[in-house]
Amino acid sequence: MNGRLAGRGAGCALVTTIVALTVAIPAHAAQSVAAGSGFARTSTAVAAVPANVATARRSERAKLGPLGLVQVQPGSGAIRDFGRLDGLLTSASSRPAADIALDYVRARPEIFGLDATDLTSLKLVHDYSAAGIEQVRWEQSADGIPSIDSALTANLTASGRLVNIVGAPIHDLALDSVTPAISAEDAYAAAARGVGGPARAARSASSSAQRTTSFAGGGDAKLVIYDDGVARLGWRLLMPVDGTHVYDVVVDASTGVVQREHNLVKSAAVTGHIYRNYPGARSAAARRASTSAPT
């Protein structure tokens, strides 16, 4: 969807709403990744970046002004959030949103740390417009296995002005091996022990790079890349346990250790009073009595 919405000129009033927006959605769970995967990353250590990159980022931060954002992702050192709280990054344009965003990133290799090979390998997976904003998202992958902790997401106004870049895309994303040391069944069993759910038998497995495996009870498993300071291969599992527990779990595909778990079901207790009409209204019996009384 490259066409602009009606109502061009959406601008600074929308910036503070959009700047921190990351709505990368996993393929097998109704839960937002990083660019967001719905998980906190395992590693909190801040990766060192080359001196020229650090200098370029400081300079760009100064150009953006006092309300500029150049936030770095711990672990990878990639740009997590780039934009301004008090303005937009580019002027209006009728070009496709994807071209505007990629050209902006391409012109700043030292800021974003992405070269031509990185940009060429990105896969466009999301292009959506709503409320005067067009959001474009690219997935990062290695050897056909997607990353749940890195992506490139751009938000633009209806007039084609770039609002921000988010998602922590990683330079030279790669894995040492794409062959898991443990099976999908063993990963599911390890995750089940961790959340107190039942182990399930595998029903089918695909020959794709992700080795998508379905389980009895509606669960599934897929190979993904997750960030633990370095890119690692993991099994991402969707695990229905009961009506209030459906888990999204990442198990390291080399060690079988559960790295992350997240219950996708949210619940809240609400108390209150139900009134048929409004507080203080007469009861139905009282209304009937008043209408049937002799005059």
Side-chain angles (χ1 to χ4, degrees), residues 22 24-29 31 33-50 53 72-80 105 109 112-126 137-153 166-191 202 205-213 220-238 248-262:
T22 53
I25 299 177
H28 72 292
Q31 176 67 25
V33 121
S37 62
F39 296 112
R41 288 168 175 79
T42 307
S43 173
T44 57
V46 179
V49 297
V53 173
V72 175
Q73 179 61 50
S76 67
I79 291 291
R80 180 179 64 192
V105 173
F112 293 95
L114 303 177
D115 58 24
T117 301
D118 296 321
L119 295 177
T120 301
S121 67
L122 293 173
K123 178 183 177 182
L124 182 63
V125 294
H126 177 89
R137 179 177 177 268
W138 293 264
E139 178 183 83
Q140 278 200 301
S141 63
D143 297 306
I145 301 174
S147 169
I148 63 172
D149 285 334
S150 66
L152 179 66
T153 301
V166 297
I170 296 173
H171 171 58
D172 282 346
L173 179 65
L175 288 167
D176 292 335
S177 172
V178 296
T179 302
I182 65 166
S183 67
E185 292 90 338
D186 288 343
Y188 199 101
S206 74
S207 58
S208 66
Q210 285 194 269
R211 305 192 185 199
T212 303
T213 305
D220 66 44
K222 298 178 181 179
L223 287 174
V224 297
I225 299 170
Y226 73 96
D227 175 18
D228 186 26
V230 296
R232 298 190 185 278
L233 184 67
W235 285 105
R236 187 168 193 180
L237 306 149
L238 180 67
D248 190 1
V249 185
V250 174
V251 176
D252 189 280
S254 296
T255 65
V257 175
V258 174
Q259 298 295 315
R260 313 172 188 183
E261 61 183 54
H262 179 71

Practice task
For D118 and H171, work out which heavy atoms get closest and say how close.
Solution key: OD2-ND1, 2.6 Å

Fill in the blank from the handout: In terms of heavy-atom contacts, D149 and D227 come closest through OD2-N, 2.7 Å

Practice task
Report the residues that fulfil side chain to side chain contact (heavy atoms under 4.5 Å, CB included) with S183, sequence neighbours left out, ordered by chain and then residue number.
Solution key: E185, D186

Practice task
For R232, enumerate each residue passing the salt bridge (Lys or Arg N to Asp or Glu O under 4.0 Å) test, keeping only those at least two apart in sequence or located in another chain.
Solution key: D228

Handout entry: Nearest non-hydrogen partners of G77 and V49, listed with the distance
Key = O-CG1, 3.9 Å

Exercise for the section: Applying side chain to side chain contact (heavy atoms under 4.5 Å, CB included), name anything that partners S208, two or more places apart in sequence or on another chain. Expected result: S206, Q210, T212

Problem - Nearest-0.5 Å distance, CG of residue L238 to OH of residue Y188 - result: 7.5 Å

Handout entry: T179 and R211: CA distance, side-chain angles, deciding distance, side chain to side chain contact (heavy atoms under 4.5 Å, CB included) verdict
Key = CA-CA 10 Å; T179 302; R211 305 192 185 199; 4.2 Å; yes

Handout entry: Shortest non-hydrogen contact between P169 and L152, atoms and distance
Key = CG-CD1, 4.0 Å

Completion exercise
Residues passing the side chain to side chain contact (heavy atoms under 4.5 Å, CB included) test with A231, sequence neighbours excluded, are L173, L175, I225

Practice task
List in chain and number order the residues that pass side chain to side chain contact (heavy atoms under 4.5 Å, CB included) with A184, two or more places apart in sequence or in another chain; answer none if no residue qualifies.
Solution key: T213, F215, A221, W235

Exercise for the section: Show the numbers, then the answer: is there a side chain to side chain contact (heavy atoms under 4.5 Å, CB included) between L119 and L122? Expected result: CA-CA 5 Å; L119 295 177; L122 293 173; 3.9 Å; yes

